[in-house]
Novice: 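The following block contains the structure, expressed as structure tokens.
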Amino acid sequence: MFFRMLRNDLKAKKGLNVILFIFLIASAALVFAGAVQIYSALNGKEYTADMCKMSDIYLYVSEGNHDKAKSILDASENVLDYYESDARMLISSQLDFECFEETEDDHFDASGHYLVRQPRKTDLVYDEFGHPFYVKSGTMYVPLRMKDLAGACIGDTVKLTTHMGNTYSFTIAGFYKEGFDYRNRYIISDSDYEILNKEYPIGLSVFELNLKNKDELSRNKLYSDLRSEGVGLTAFRRLDMTTDATLTFILAAFIAVVSIFMILIIFMTIRFTMISAIRDEEKEIGTMRAIGTDSISFRWLFAAKYIAFAVLGGILGVIVGFILSNQFLNIFSANLLFPPVGVQLVIGTIAVLVMVCLIILFCFFVMRKIKKISVIDAIRGGEGGERFGNISLLFLHKRKAMRVPWYLAISDILKNFKRYIFLVAGYMLGCMIILLVFYVASSVVSKEFMRYYGLNQIDFYPDFHSELMYEYGERCYTEGKEFYDLINEDFQQNDIPAHIVTFDEMTGYMLYGNEQVEYTVWFECGEPDKYLYCEGSRVPVLANEVALSEYSAKLYGIKIGDIITMELPETDDGGITVTRNQRELVVTGFLNYSEFSYRAALMGSEYHAGARDFHGFSSIIIDEGGQDTFKRIEDLYGETNVMSAQEYLEHSLMDYIGLFNMLKIVMTATVIFITVLMTVLYVNIFRYEDRSEIALLNTLGFGNGSVAAWQILRMLILVLISIVLGTILVNTLGQLLVGVLFNYVKLKGFRFIVNWFTTLVIMPAIIIGSALIPTVLKLKDLRKTKLADIAEE
């Protein structure tokens with residue numbers, strides 16, 4: 001009986017069943033992909049570190065300091081063991097990719113470039129598919145990110161010009177996954193490395209350390225011991241936050257939300273169609289209940305189709321989901337090693353299995369409706385009123401100027417809005433996803449987002465190339481001045497209305513119980529009022545006042561007005577000796593600052609005792625003249641040595657721009673796909689449930705256009721309601737959700753920028769088009785619904 005009823009149901013509602021089945025497969029696939037993505041977001045960095053045999057710290061020191069560094073590491077009680085290797089430092093101008101324009105080499109400047117042999121014991125590398133590889137002579141493996149940065153392809157030629165002026169050509173044999181954002185290693189064979197090694201005088205010794213204590217204080221004490229002996233170093237820490245890890249987490253969150261709402265839509269659809277089927281069979285059900293037939297097996301007949309769809313859709317969803325999850329991982333987690341295939345299948349299959357079980361349980365939950373059908377219902381035939389009866393909120397005879405399609409559409413919605421709640425919720429979700437993705441993307445790739453990193457205003461940037469940079473380096477040395485101070489002098493001497501706002505930086509430690517919490521401390525800050533402060537904060541002025549980055553301050557329970565103790569390196573009056581002094585400081589406020597790399601503390605403007613480690617800038621401002629002033633700066637330094645504000649923005653956030661553009665494409669395509677499927681599914685349901693009214697209107701002489709207009713207008717009204725609700729929720733609940741996501745990069749107080757073009761044009765066009773186009777296409781043959789056919793039913 002089970003299979004006979006299933007066969008009859010499939011024949012009776014072919015279109016509805018096909019769409020429902022596709023929807024179930026899509027939902028299962030997204031659930032599978034979402035589960036794998038979430039697992040990768042939570043475990044990807046650790047798994048990558050284990051497979052690559054990463055150490056806790058990587059130190060790059062000059063070969064001349066190798067022995068000195070080695071003796072300090074041997075004497076350190078915190079160093080458990082270390083592995084030594086070597087590398088050669090490259091500069092971007094020495095690299096020439098075949099399909100890369102020379103004028104674009106600015107994109108490489110933000111990263112370190114190193115020529116290395118293939119690692120064999122630690123810091124192992126894998127190709128873009130997660131497989132180990134072997135480098136042959138004459139070939140090179142380059143970082144995977146060079147696909148985007150340099151347009152590199154397998155088989156392309158890379159030319160290396162050495163310090164001796166000789167040029168060597170290598171063929172790109174493949175790409176490897178690099179786990180650190182700012183390290184690019186170019187891997188060649190041992191024999192090729194021995195030849196080139198002699199032509200690069202800048203040699204680096206690489207120490208890969210495993211530590212007993214891995215906390216910040218212990219690491220920085222080791223750095224301090226090395227630097228105090230004159231050992232300059234560049235350090236990389238294991239599991240540093242990477243762009244890939246961040247985007248993996250954000251995408252996982254979006255997929256999880258989409259998956260949950262798709263399951264809710266499925267539940268509502270099942271409830272909708274099952275209750276419709278029960279209503280159609282109300283006489284038979286009442287009769288069977290009257291003769292005592294009421295059992296689980298009887299209910300099983302009504303749930304047969306949905307259980308079969310859930311099981312088969314789940315199986316196919318696992319297959320599609322596995323393919324989809326790998327595509328997502330390739331796009332958004334390219335530099336992380338993917339979870340093993342077995343783990344992906346287990347995690348994804350369990351998630352799909354849970355979804356299938358929930359659907360089956362929900363089917364039997366909906367079957368409780370059968371208990372409410374009595375013999376009296378069977379006698380009455382379930383007729384509870386007419387569309388045009390007194391129960392309607394609108395009356396056809398009073399509609400006056402309102403056309404019939406408008407009356408029917410509005411009457412349907414007002415009379416039984418709960419019928420459309422989940423359809424509205426589905427459209428609303430699509431609106432929210434599009435707005436959130438576009439809002440977050442435009443907010444991150446913006447000048448405002450740079451302020452969360454202490455860059456308050458950037459109107460241009462002096463991006464000096466090698467020759468000019470060397471000239472200013474000589475001036476800094478001979479005149480005893482800092483680079484940005486020299487630029488400010490140039491502006492004054494040339495009467496250019498622009499200036500660079502600078503600050504000094506040192507490392508301090510907040511004493512919190514038994515902990516010493518490391519802070520990057522800013523002092524001698526020009527224009528301290530330009531930083532982003534949390535509500536209720538006050539700009540620190542006195543020497544004993546400080547503002548702290550909010551994330552850690554809230555984590556340690558610090559409030560505005562609290563007194564903290566901070567240990568700071570300070571100089572005496574002559575600026576000769578440096579001592580570490582403890583100061584009690586009053587917290588005047590919190591900074592909206594991303595602790596992606598470090599915690600920040602801003603000292604009061606009257607504090608001058610700090611021992612400077614670094615001299616940086618917080619703003620580069622054109623005071624007046626706009627584009628004319630920018631042109632004068634270009635004339636002063638040369639066009640190639642000055643970036644516009646937009647170029648600097650794109651340069652600084654280049655890792656995010658491509659990934660966010662891809663995220664917008666992927667999520668928009670997903671929303672369109674779901675919206676189209678959902679619309680076709682519900683149009684089929686509405687056509688089936690409204691078949692009596694459609695047949696009656698056809699019989700009364702209303703044209704196909706009027707009947708179709710009723711259905712289209714109803715859908716349009718529901719979509720417009722969804723757009724309004726979605727926009728409101730994004731700017732309230734969505735802001736809270738995004739705030740939780742940005743806690744992951746240790747940023748509190750993030751506010752996305754509302755993009756009105758997206759809000760008023762892009763999103764409505766996508767949702768309305770995805771809903772109305774399939775609606776119109778599905779309503780072409782309404783004239784086929786005849787009253788005689790309904791009477792026969």
Novice: Evaluate Lys53 against Glu208 for salt bridge (Lys or Arg N to Asp or Glu O under 4.0 Å), listing each step before the verdict.
Specialist: CA-CA 10 Å; Lys53 299 186 184 301; Glu208 302 173 26; over 6 Å; no
Novice: Do you know which two heavy atoms are closest between Leu568 and Gly508, and how far apart they sit?
Specialist: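 Scanning both residues completely, I find the closest heavy atoms to be CD2-CA, 4.0 Å.
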Novice: Write down the atom of Tyr453, the atom of Ser594, and the distance for their closest heavy-atom approach.
Specialist: OH-OG, 3.4 Å
Novice: Any chance you could lay out the salt bridge (Lys or Arg N to Asp or Glu O under 4.0 Å) test for Arg183 and Glu178, step after step, and finish with the verdict?
Specialist: CA-CA 8 Å; Arg183 183 179 67 167; Glu178 176 58 78; 3.1 Å; yes
Novice: One thing to verify: whether Arg583 and Glu570 come together as a salt bridge, which I'm taking to mean a side-chain N less than 4.0 angstrom from a carboxylate O.
Specialist: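 Here Glu570 pairs with Arg583 in a salt bridge, since their nearest N and O are under 4.0 Å apart.
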Novice: Please determine whether salt bridge (Lys or Arg N to Asp or Glu O under 4.0 Å) holds for the pair Asp123 and Arg185, giving the CA-CA distance in whole Å, both sets of side-chain angles, and the decisive distance to 0.1 Å.
Specialist: CA-CA 11 Å; Asp123 202 12; Arg185 291 174 293 168; 2.9 Å; yes
Novice: Between the side chains of Arg117 and Asp86, is the shortest nitrogen-to-carboxylate-oxygen separation below 4.0 Å, so that they form an ion pair?
Specialist: yes
Novice: Could Glu639 and Lys631 be called an ion pair, given the rule that one side-chain N must be under 4.0 Å from one carboxylate O?
Specialist: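 Lys631 and Glu639: not salt-bridged.
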Novice: By the salt bridge (Lys or Arg N to Asp or Glu O under 4.0 Å) test, which pairs, at least two apart or in different chains, include something from residues 519-529?
Specialist: Glu527-Lys530
Novice: Backbone N or O of Val61 within a donor-acceptor pair of the Asn65 side chain at under 3.5 Å?
Specialist: no
Novice: Rounded to the nearest 0.5 Å, how far apart are CD of Glu479 and CG of Asp485?
Specialist: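 The CG atom of Asp485 is 11.0 Å from CD of Glu479, to the nearest 0.5 Å.
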Novice: Measure the acute angle between the ring planes of Phe750 and Tyr452, then classify it against the limits of 30° and 60° as parallel, tilted or perpendicular.
Specialist: tilted
Novice: Are any of the side-chain heavy atoms of Ser618 and Leu455 separated by less than 4.5 Å?
Specialist: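 Sidechains of Leu455 and Ser618: no contact.
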Novice: Short question: side chain of Glu647, backbone of Ser644 - any donor-acceptor pair under 3.5 Å?
Specialist: yes
Novice: Evaluate whether atom CZ of Arg751 has more than 12 neighbouring non-hydrogen atoms of other residues, nucleotides or ligands under 6.0 angstrom away.
Specialist: no
Novice: With sequence neighbours excluded, tell me which residues meet side-chain contact (heavy atoms from CB on, under 4.5 Å) with Lys447.
Specialist: Ala645
Novice: Please name the pair of heavy atoms, one in His615 and one in Asp504, separated by the smallest distance, quoted to 0.1 Å.
Specialist: ND1-OD1, 2.7 Å
Novice: Hey, is the main chain of Arg538 close enough, under 3.5 Å, to the side chain of Thr588 for a donor-acceptor pair?
Specialist: yes
Novice: Give the intermediate values and the outcome of side chain to side chain contact (heavy atoms under 4.5 Å, CB included) for residues Val521 and Thr507.
Specialist: CA-CA 6 Å; Val521 182; Thr507 301; over 6 Å; no
Novice: For Arg227 and Asp613, what are the C-alpha separation, side-chain angles and deciding distance, and is it a salt bridge (Lys or Arg N to Asp or Glu O under 4.0 Å)?
Specialist: CA-CA 12 Å; Arg227 287 174 176 141; Asp613 291 329; over 6 Å; no
Novice: Determine whether Phe207 and His66 satisfy the following criterion, ring pair (Phe, Tyr, Trp, His ring centres under 6.0 Å), listing intermediate values before the conclusion.
Specialist: CA-CA 9 Å; Phe207 294 93; His66 173 272; 5.4 Å; yes
Novice: Thinking salt bridges, do Asp628 and Arg632 make one under a 4.0 Å N-O criterion?
Specialist: no
Novice: Should His113 and Gln94 be marked as a side chain to side chain donor-acceptor pair (under 3.5 Å) after you check the CA-CA gap, both sets of side-chain angles, and the distance that decides it?
Specialist: CA-CA 10 Å; His113 303 274; Gln94 293 176 320; over 6 Å; no
Novice: Heavy atoms, side chains only, cut-off 4.5 Å: are Val206 and Leu59 in contact?
Specialist: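 They are not in side-chain contact.
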Novice: Between Glu518 and Tyr598, does the side chain to side chain contact (heavy atoms under 4.5 Å, CB included) criterion hold? Intermediate values first, please.
Specialist: CA-CA 8 Å; Glu518 181 184 358; Tyr598 52 77; over 6 Å; no
Novice: Is a side-chain N or O of Glu545 found less than 3.5 angstrom from the main chain of Val541, in a donor-acceptor match?
Specialist: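 Side chain of Glu545 to backbone of Val541, a donor-acceptor pair under 3.5 Å: yes, one is there.
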Novice: Given 3.5 Å as the limit, does a donor-acceptor pair link the side chain of Tyr82 with the main chain of Val79, or not?
Specialist: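 No; zero donor-acceptor contacts below 3.5 Å.
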Novice: How many angstroms lie between OG in Ser55 and CD1 in Ile57, if you round to the nearest 0.5 Å?
Specialist: 9.5 Å
Novice: Using a 4.5 Å cut-off on heavy atoms from C-beta on, say whether the side chain of Val116 contacts that of Ser85.
Specialist: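 Sidechains of Val116 and Ser85: no contact.
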Novice: Quick check: closest heavy atoms across Tyr519 and Ala553, and the distance to 0.1 Å?
Specialist: OH-N, 4.4 Å
Novice: Is a side-chain donor-acceptor pair under 3.5 Å present for Arg599 with Ser552?
Specialist: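 Yes.
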Novice: Kindly give the heavy-atom pair with the smallest separation between Tyr637 and Leu468, and that separation in Å.
Specialist: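 Closest heavy-atom pair between Tyr637 and Leu468: O-CD2, 3.9 Å.
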Novice: Evaluate Ile620 against Gln457 for side chain to side chain contact (heavy atoms under 4.5 Å, CB included), listing each step before the verdict.
Specialist: CA-CA 6 Å; Ile620 304 179; Gln457 181 177 338; over 6 Å; no
Novice: Which heavy atom in Met89 sits nearest to a heavy atom in Tyr114, and how many Å separate them?
Specialist: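 So the two residues come closest at CE-CE2, 4.1 Å.
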Novice: Tell me if a side-chain donor or acceptor on Ser619 pairs with a main-chain N or O of Ile621 at a distance below 3.5 Å.
Specialist: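 No; judged by distance alone, with no hydrogens or angles, the pair does not exist.
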Novice: I'd like to check Val125 versus Ile187 (side-chain heavy atoms, cut-off strictly below 4.5 Å). Are they in contact?
Specialist: yes
Novice: Working note: Tyr83 + Asn210, criterion side chain to side chain contact (heavy atoms under 4.5 Å, CB included); need CA distance, chi angles, decisive distance, verdict.
Specialist: CA-CA 9 Å; Tyr83 175 78; Asn210 291 309; over 6 Å; no
Novice: Are more than 12 heavy atoms from other residues, nucleotides or ligands located less than 6.0 Å from atom CD of Glu474?
Specialist: yes
Novice: Does any N or O in the side chain of Asn78 come within less than 3.5 Å of the main-chain N or O of Asn213, such that one atom is a donor and the other an acceptor?
Specialist: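 Pair found, side chain donor or acceptor close to backbone of Asn213.
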Novice: Nearest 0.5 angstrom please: Asp623 CG to Phe491 CZ, how far?
Specialist: 9.5 Å
Novice: Ignoring hydrogens and angles, tell me if any N or O in the side chain of Ser549 forms a donor-acceptor pair with the backbone of Ala600 under 3.5 Å.
Specialist: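 Yes.
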Novice: So among Tyr551, Phe742, Trp522, which one has a ring pair (Phe, Tyr, Trp, His ring centres under 6.0 Å) with Tyr593?
Specialist: Trp522
Novice: Cation-pi check for Tyr186 against Arg88: NZ or CZ below 6.0 Å from the six-membered ring centre and within 45 degrees of the axis, yes or no?
Specialist: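 Checked: cation-pi criterion not met.
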Novice: Kindly indicate, with the supporting measurements, whether the criterion ring pair (Phe, Tyr, Trp, His ring centres under 6.0 Å) is fulfilled by Tyr472 and Phe464.
Specialist: CA-CA 9 Å; Tyr472 273 78; Phe464 291 179; 5.2 Å; yes
Novice: Do Phe460 and Pro462 have side chains that approach each other closer than 4.5 Å (heavy atoms only, starting at C-beta)?
Specialist: yes
Novice: State which residues pass side-chain contact (heavy atoms from CB on, under 4.5 Å) with Gln582; sequence neighbours excluded, sorted by chain then number.
Specialist: Leu511, Thr565, Glu567
Novice: Is the closest side-chain donor-acceptor distance between Asn544 and Tyr607 under 3.5 Å?
Specialist: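 There is no such pair between these side chains.
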Novice: Any donor-acceptor pair under 3.5 Å linking the side-chain atoms of Asn488 with those of His499?
Specialist: no
Novice: Do Arg145 and Asn184 pair up side chain to side chain, a donor and an acceptor below 3.5 Å, judged on atom types alone?
Specialist: yes
Novice: Is Asp463 reaching over with its side chain to a backbone N or O of Asn641, donor-acceptor style, under 3.5 angstrom?
Specialist: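 Checking the backbone N and O of Asn641 against the side chain of Asp463, no donor-acceptor pair under 3.5 Å is found.
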Novice: When you measure from the side chain of Ser446 to the backbone of Ser443, do you find a donor-acceptor pair of N or O atoms at a distance under 3.5 Å?
Specialist: yes
